[in-house]
Amino acid sequence: MAPIQVNVKNAGKVHEVQLDTDLPPSVFKEAVYQVTGVPVDRMKVMVKGGVLKDDSNWKKIAPKAGQTFMVIGAAGELPKAPEKPIVFLEDMDDSELAEALAKPVGLRNLGNTCYMNATVQALRAVPELQTALSAPSLHSATPLPGALRDMYHNMSRTTDSVTPVGFLQVLRQVNPQFGEVDRSEKKSGMGMAMGYAQQDAEECYSAIVNSLRNVPGLNSEGKIVSTSAQASLGEGRFVDQYMMGVMRRELSCDEAPEEPHAVSEEAVLKIECNINGQTNFMASGILSSLDTKIEKNSSSLGRQAVYSQKSRLARLPAYLSVHMVRFAWRQDIGKKAKIMRRVKFPLEFDALDLATDELQKKLIPVSRKLKEVERERAERRKIRKKTKVVQPAAPAASTSTSTPATPAAEGEADVEMADADKGGELEPESVYHAKEVAELDALVSPDLKTDVGSSAAGLYELVAIITHKGAAADAGHYIGFVKKNVFHPVKGTSAAAAAAAAASSSAETQGQVVGDAASSGGAAIAVAEIEEDDEDWYKFDDDKVSVFPVEKIPTLEGGGEDSSAYVLLYRSKSIR
């Protein structure tokens, strides 16, 4: 059907808008926003039968040319032209080009595949995974690990968005549920071709990680130590090392305290944060899921009795996944619904309360010392930053025959300036760092030292988020967020030097990769460095990648239909 011209009335003004009934209502709402300035999330368009929703059926509404729709909502500022004009790569200077090429690439949406794109981007926050996937002989019960390796390889060797068709085909082959066709009334009623249905990102996250169970593990130096064949037998598997915790569950009968407690252990990929009317913080939501009441048959009482189940982690992995349980079955409507409640989550998470008493005793000494070390490092960082402000005045005292300063020498010069302010001597940062690492290492439990991929302190930092946008459980849009320091080493660190060396080596050898990756060709894109205090993030909205300021992270805590955190990935803080 050809587009028709309709009218919308808002704040006493009437505007003409084009309506195409072959397109979803969200497109019409965007057109209304362009003329009224009423943001889509604050807009109510009144139509026959009530309010226009994103899944409304135009066939049932039956709009006519010239019809007037009432729009309720306060207008914000009308959309403005970009403050900076669009600049093409060929018109950029060297600094602008470097900044443009520094961003990681996005993934094109192939039709309701945002759930997969957000998941794949979030898993890039686990660099050890890409190391494990590079095993010379990557044998697995499924082709998914190889497909993921090849896609990550392609993504590291281009500045353009990647079309993940190969990985998507393998994902649907291994997990047929992700190949479900959309048979909704909206599609069939509009006579549109039925595509693939929207899927759950948390289910995709779990499915992909479970498909990686036979990927070889790493040793304490981060090198592959087992073959895929050995990993398939349970020897040194990556997922078991870095992503799986061990949950210890203790079951006690409330009505018969003398009854022996039942204790069991199981490996878990994620912990759940239950959300109810009283949940305001992630930590309390997690604890409510770990401490539960169940009813079961009591052998001592010979009848059904109430039991208390207390669950705690006997092992904390290097990467802790938290599932915000935002979808729940509603009996009254007969389907899953989204829980909109705002739940605050921390950028830094102390997981000691989730650990067993035995594990806490091992973690507490390291945890306390690491917090102390972080405070001291932050203080020294402030002093050195003050030094850099006055650093340009230093060359005036040097002679024309002096040799260029090395990075270490510059650091020492900064120290001397700071000493003058504090009245004490501040040594190069490397001296402090070596001493702190030695002190922390001495406090690590021998059991944790030999447990590769476990957390030594129980302290975590948030590195990736998968969000869901929308009100419906089987619809909406998923977006991935990953912290910038996952992709970029900090200036002046050993990680920065290693990244530069790796890029140089790759440029010389260009490697050989099986499958689709071989067709990408070229060397890895040079990795840009960031400042030590850069805490910003990247937002991966399919193929659109942008910088997301850390100050905006609280906007992902929920409270409405906008993006709400659904899966959180925390990385254990390093003692190195």
Side-chain angles (χ1 to χ4, degrees), residues 175 177 200-207 209-210 213 234 239-240 243-317 320-345 349 351-361 458 468 472-474 558 564-568:
N175 302 279
Q177 74 210 61
D200 189 298
E202 186 276 326
E203 293 178 2
C204 181
Y205 182 91
S206 298
V209 174
N210 284 325
R213 294 296 294 272
V239 172
D240 292 343
M243 304 190 74
M244 300 291 283
V246 175
M247 187 70 75
R248 183 178 184 271
R249 305 189 191 280
E250 183 174 353
L251 200 61
S252 59
C253 183
D254 294 359
E255 302 176 50
E258 70 281 356
E259 185 176 307
H261 293 190
V263 179
S264 62
E265 289 189 350
E266 66 171 316
V268 293
L269 171 63
K270 61 183 182 296
I271 53 177
E272 295 188 339
C273 173
N274 288 342
I275 302 175
N276 55 39
Q278 289 74 46
T279 308
N280 294 315
F281 299 94
M282 183 190 80
S284 61
I286 292 175
L287 289 174
S288 72
S289 71
L290 296 180
D291 297 331
T292 59
K293 299 283 187 180
I294 63 173
E295 190 172 321
K296 65 183 288 289
N297 185 65
S298 169
S299 58
S300 63
L301 299 176
R303 59 175 174 80
Q304 292 290 105
V306 176
Y307 282 76
S308 293
Q309 179 173 267
K310 181 179 180 179
S311 303
R312 291 294 184 271
L313 287 163
R315 180 185 189 270
L316 284 170
L320 186 66
S321 304
V322 180
H323 172 208
M324 308 290 281
V325 186
R326 287 206 170 272
F327 300 121
W329 181 263
R330 285 187 55 180
Q331 194 69 34
D332 55 337
I333 60 176
K335 64 178 182 179
K336 284 198 302 182
K338 184 176 180 180
I339 302 173
M340 303 286 191
R341 186 175 182 82
R342 182 181 182 184
V343 179
K344 297 182 180 180
F345 53 85
F349 180 49
L352 287 181
D353 289 341
L354 311 184
T356 60
D357 293 340
E358 295 84 352
L359 182 57
Q360 282 186 10
K361 291 177 182 178
H468 176 269
D474 55 355
S564 304
Y566 187 36
V567 178
L568 303 171

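These numbers come from a predicted model, not from an experiment.
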Separation between [atom1] of [X] and [atom2] of [Y], rounded to the nearest 0.5 Å:
X: Arg248; Y: Ser311; atom1: CZ; atom2: OG; result: 10.0 Å
X: Met247; Y: Glu265; atom1: CE; atom2: CD; result: 11.0 Å
X: Thr356; Y: Glu250; atom1: OG1; atom2: CD; result: 11.0 Å
X: Tyr307; Y: Lys293; atom1: OH; atom2: NZ; result: 12.5 Å
X: Leu251; Y: Lys310; atom1: CG; atom2: NZ; result: 13.5 Å
X: Leu269; Y: Asp240; atom1: CG; atom2: CG; result: 10.5 Å

Non-hydrogen side-chain atoms of [X] and [Y] separated by less than 4.5 Å:
X: Arg326; Y: Val343; value: yes
X: Asp200; Y: Lys336; value: yes
X: Pro317; Y: Met244; value: no
X: Leu320; Y: Leu568; value: no
X: Ile339; Y: Met324; value: no
X: Leu313; Y: Leu290; value: no

Over all atoms of both residues, closest heavy-atom pair of [X] and [Y]:
X: Asn280; Y: Ser284; value: N-OG, 4.3 Å
X: Tyr566; Y: Ala201; value: CE2-N, 4.4 Å
X: Ala472; Y: Phe327; value: O-CE2, 4.3 Å
X: Gly458; Y: Leu316; value: CA-CD1, 4.0 Å

Q: Take Lys270 and Glu272 through the test salt bridge (Lys or Arg N to Asp or Glu O under 4.0 Å) and record every step on the way to the result.
A: CA-CA 7 Å; Lys270 61 183 182 296; Glu272 295 188 339; 5.0 Å; no
Q: Tell me, with the steps shown, if Arg312 and Asp353 meet salt bridge (Lys or Arg N to Asp or Glu O under 4.0 Å).
A: CA-CA 8 Å; Arg312 291 294 184 271; Asp353 289 341; over 6 Å; no
Give a yes or no on whether the backbone of [Y] and the side-chain of [X] come within a donor-acceptor separation of less than 3.5 Å.
X: Gln304; Y: Asn297; answer: yes
X: Gln360; Y: Leu352; answer: yes
X: Arg341; Y: Thr279; answer: yes
X: Asn175; Y: Gln177; answer: no

Q. Does a sphere of radius 6.0 Å around NZ in Lys296 hold more than 12 heavy atoms from other residues, nucleotides or ligands, not counting ones at 6.0 Å or beyond?
A. yes
Q: Take Met282 and Phe349 through the test side chain to side chain contact (heavy atoms under 4.5 Å, CB included) and record every step on the way to the result.
A: CA-CA 10 Å; Met282 183 190 80; Phe349 180 49; 3.9 Å; yes
Q) Can His468 and Val567 be said to form a side chain to side chain contact (heavy atoms under 4.5 Å, CB included), step by step? A) CA-CA 9 Å; His468 176 269; Val567 178; over 6 Å; no
Q | side chain to side chain contact (heavy atoms under 4.5 Å, CB included) assessment of Ser289 paired with Ile271 | A | CA-CA 8 Å; Ser289 71; Ile271 53 177; 5.9 Å; no
Q: Would you check, one step at a time, whether the test ring-ring contact (aromatic ring centres under 6.0 Å, His included) holds for His323 with Tyr205?
A: CA-CA 10 Å; His323 172 208; Tyr205 182 91; 9.6 Å; no
Q: Let me see the working for Ser298 and Glu255 under side chain to side chain contact (heavy atoms under 4.5 Å, CB included), right down to the final yes or no.
A: CA-CA 9 Å; Ser298 169; Glu255 302 176 50; over 6 Å; no
(Q) For Ser300 and Glu259, which I'm curious about, is there any donor-acceptor pair between the side chains at under 3.5 Å? (A) yes
